[in-house]
Each structure stands twice: as C-alpha cells, then as structure tokens.
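What follows is a set of notes on a single structure, which appears directly below.
Predicted model only: the values in this text are computed from it and were never measured.
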Amino acid sequence: GTPYMGWSAGSNLALPTIRTTNDMPICDPSGFDALGLIRFHMNPHFVSGKIPGHNGESREERLEEFVAYNPGQPVLAIPEGAALIREGARLRLVDARGAVVITNGKVLEIEGDADVSWLNTGPAA
C-alpha cells in the first residue's frame, strides 16, 4: 500500500528485474532483482531506430535480444516524457506519443494514453 514513484532507472526498480535499463545486462549474474511491483519489463527513454552517429545496436535490437533470451517476458518501451501509472490493477500509459511492446518475436505499437493492464497479467518474470 506504500506509494512508489520512480523515473528513468528508478522506474526499472518497480520491475521484476533491472535487466532492461539502458545499460541492459540481458542475463542475470545474481544481483539484478528489483521490487517486482509490476510483472513485465520496461525500457524508459526509448528511441526507435538507429541514432545517427551511433555504430552500436538499436534499442529495438537490444530489447529483441532480451526477449529472445527471456521468452515470455515482454518489454514495454516508452519514449521520453511518457509515464506509466498504476491505479489498483489498472496500468495506464499517459502523456505519450505511443510506445511499443516487444514480445516473442513481435513488436506491437501502443497508442498514447492506452490501458496496458494486459501486460501485467502474466507470471512474474
């Protein structure tokens, strides 16, 4: 019943693990457990596509690797300025231009201000 608010990496603390921070350690070397307040993973500050001048993997590629390595653990990727609010069992994506869910080889587009409660119904990762 204690309220929790986190942003940036602090939002990752509400997840089952912190493995989808932008540092993205995609496997657990015994120490990335988080609070587990929600059952899926999230990636804040999501930028779609390759960033000009960046020669590494895109965010989508890294998150697809995470999902391939962790089947059944979807990732909600939200852009800068978006928020996820939990009110009881309801999870709402607010003030967003939209987001994506990466799960089991699929990328699902989510509209801004959408109810994403369905992501929280699976087993805790």
Under 3.5 Å, sequence neighbours excluded: what are the donor-acceptor pairs made by side chains of residues 79-93?
| from | atom 1 | to | atom 2 | distance (Å) |
| --- | --- | --- | --- | --- |
| Glu80 | OE1 | His45 | ND1 | 2.5 |
| Arg86 | NE | Gly88 | O | 3.0 |
| Arg86 | NH1 | Leu37 | O | 2.3 |
| Glu87 | OE2 | Arg92 | NH2 | 3.3 |
| Arg90 | NE | Asp115 | OD2 | 3.3 |

Considering only distance and modelled atom types, tabulate donor-acceptor pairs under 3.5 Å from the side chains of residues 106-114, sequence neighbours left out.
| from | atom 1 | to | atom 2 | distance (Å) |
| --- | --- | --- | --- | --- |
| Asp113 | OD1 | Asp95 | N | 3.0 |

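Residues in residues 40-51 take part in these salt bridge (Lys or Arg N to Asp or Glu O under 4.0 Å) pairs, two or more places apart or across chains: Lys50-Glu61.
With rounding to the nearest 0.5 Å, the separation of CG in Asn70 from CD in Glu65 is 11.5 Å. Distance CZ/Phe46 to CD1/Ile78: 11.0 Å, rounded to 0.5 Å. Atoms CG and OG1, from Leu63 and Thr103 in turn, are 11.5 Å apart once rounded to the nearest 0.5 Å. Going from atom CD1 of Ile18 over to atom CZ of Phe32 covers 5.5 Å, rounded to the nearest 0.5 Å.
In this structure, Ser58 contributes its side chain and Gly49 its backbone to no donor-acceptor pair below 3.5 Å. A donor-acceptor contact shorter than 3.5 Å links the side chain of Asn120 to the backbone of Arg39.
Nearest heavy-atom pair, Thr20 versus Met42, reported as atom, atom and distance to 0.1 Å: OG1-O, 2.6 Å. Across all their heavy atoms, Pro74 and Phe40 have their closest contact at O-CB, 3.8 Å. When all heavy atoms of Ala99 and Ala77 are compared, the closest pair comes out as CB-O, 3.2 Å.
When each of Leu76, Ile102, Val75 is checked for a side-chain contact (heavy atoms from CB on, under 4.5 Å) with Asn43, only Val75 meets the rule.
Side chains of Val67 and Gln73 form no contact here, defined as non-hydrogen atoms less than 4.5 Å apart.
If you check the side chains of Arg19 and Asn12, you find no donor sitting under 3.5 Å from an acceptor.
Connection of Val94 to Leu15 is not established within any shared hydrophobic cluster, with ILVMFWY side chains joined at heavy-atom distances below 4.5 Å, either directly or through further cluster members.
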